[in-house]
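Remember, it's 1-based here, ligands and their atoms both numbered in the order they're listed. Just so it is clear, the values below take in all heavy atoms, side chains as well, and ignore hydrogens, waters and symmetry mates.
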Amino acid sequence: MAEVVIVENAEAAGALVAQEIVELIDGRPDAVLGLATGSTPLPVYQALRERLAGRDVSQVRGFALDEYVGLDPAHSESYRSVITREVVEPLGLDPRRIHVPNGAQETIQHAGADYEEAIDAAGGVDLQILGIGTDGHIGFNEPGSSFASRTRVKTLTEQTREDNARFFDSIDDVPRHCITQGLGTILRARHLVLLAFGEGKAQAVADAVEGPLSAILPGSAIQLHPHATVVVDEAAASKLALADYYRYTFANKPSWQGI
Ligand code: PGA
């Protein structure tokens, strides 16, 4: 099962995950990071800003999880723009090594296959950062997504469009389609790190970690992964049946084991 780490707050989660990423890059300067957008990973990127300052990150590679279809990449809320603003520029990464699925309508029919090829050519993702939607999605794999799915176009649920409307002038501006790494794509990453904060995510976290394995709960796909870490605050952990066991396990973990 996934290792669950319950931390005091988002800042502590950011510090823990950033440390793991720094160690990864120290051991492998051309590490391949799986990058997530949304509010959740921001404390990780913030902590990385301090920890990576002064280090050579010119070889680091990255793959974003998803992108809106038909949104101009220059739009401030395209995930290309978000990744550039939140990750590439502040961390000083080489933009040519950071990939985002191509949501352009003209090439959308082969954009998924192209992205899979690019991930394979890079040797796969070393560490995949994940958020989770209130409806349980990871990436933009909405409920019903196949565990074997690959990068492809998905239709966003109304719930997701409402959740993301805060980034746009109005909900009418939120695209209806996205291109997202599939659950099968995500499961090929060597280490999954799923973060969640706040009570609003508690049910989705409980479903992902302890729920039945089901396409209706896309986050439950992480149960199939041999190395998945779930980092949550107390509020997001509040519906976990085994929360005390996770606390006990982490407190008694051998110091030589990372997350
Ligand atoms: P959030 O989104 O981090 O903005 O809550 C998570 C997600 O939709 O995957």
Side-chain angles (χ1 to χ4, degrees), residues 2 7 9-14 17-18 33-48 63-69 71 76-79 81-83 85-87 100-101 103 125 127-145 149 151 154-168 171 173-183 185-187 189 192-209 211 215-222 225 228-239:
V7 292
N9 51 35
E11 199 185 336
V17 178
L33 302 179
L35 303 167
T37 48
S39 320
T40 306
L42 295 180
V44 177
Y45 303 141
Q46 182 61 40
L48 277 175
F63 287 88
L65 279 170
D66 42 21
E67 178 59 288
Y68 293 111
V69 170
L71 192 65
S76 65
E77 294 307 325
S78 77
Y79 286 168
S81 294
V82 172
I83 289 284
R85 190 167 65 235
E86 308 286 3
V87 186
V100 179
V125 170
L127 185 149
Q128 176 65 59
I129 301 168
L130 296 168
I132 187 162
T134 56
D135 68 356
H137 68 221
I138 55 175
F140 267 144
N141 293 283
E142 300 287 28
S145 294
S149 51
T151 307
K154 287 291 288 182
T155 304
L156 298 172
T157 62
E158 280 306 291
Q159 174 74 57
T160 298
R161 293 185 66 242
E162 280 164 27
D163 287 349
N164 288 6
R166 67 189 193 279
F167 297 117
F168 292 83
I171 190 161
D173 296 337
V174 184
R176 288 190 158 72
H177 296 99
C178 64
I179 174 166
T180 179
Q181 286 190 33
L183 294 174
T185 316
I186 291 169
L187 288 173
L192 303 183
V193 180
L194 187 150
L195 299 108
F197 311 117
E199 215 182 327
K201 298 290 175 74
Q203 189 60 51
V205 168
D207 288 342
V209 176
I216 200 78
L217 308 172
S220 67
I222 66 167
H225 198 282
T229 310
V230 174
V231 186
V232 286
D233 63 5
E234 289 287 348
S238 60
K239 294 194 174 165

- [ ] Could I get the full list of ring-ring contact (aromatic ring centres under 6.0 Å, His included) partners for Phe167, not counting sequence neighbours?
- [x] none

Output the list of atoms in ligand 1 that are nearer than 4.0 Å to some heavy atom of [X], sorted by atom number.
{"X": "Arg166", "value": "4 (O)"}
{"X": "Gly38", "value": "3 (O), 4 (O)"}
{"X": "Lys201", "value": "1 (P), 5 (O), 6 (C)"}

TODO: Measure from atom 6 (C) of ligand 1 to every heavy atom in Ile132, Asn141, Leu42, Leu65 and give the option owning the shortest one.
DONE: Ile132

Task: atom 9 (O) of ligand 1: nearest protein contact (heavy atom, Å) - done: His137 NE2, 3.3 Å

- [ ] Give the residue, atom name and distance (to 0.1 Å) of the protein heavy atom nearest atom 3 (O) of ligand 1.
- [x] Thr40 OG1, 2.4 Å

TODO: Describe, in one word, how the ring planes of Tyr79 and Tyr68 are oriented to each other, choosing from parallel (under 30°), tilted (30 to 60°) and perpendicular (over 60°).
DONE: tilted

Task: Test item: Leu156 and Glu142 side chains (from C-beta on) under 4.5 Å apart, heavy atoms - done: yes

- [ ] Among Thr180, Asp66, Thr157, Thr160, find the residue that satisfies the side chain to side chain donor-acceptor pair (under 3.5 Å) test when tested with His137.
- [x] Thr160

Open item on the list: Could you measure the distance from the CD atom of Gln181 to the CG atom of Asn141? Nearest 0.5 Å is fine.
Closed with: 8.5 Å

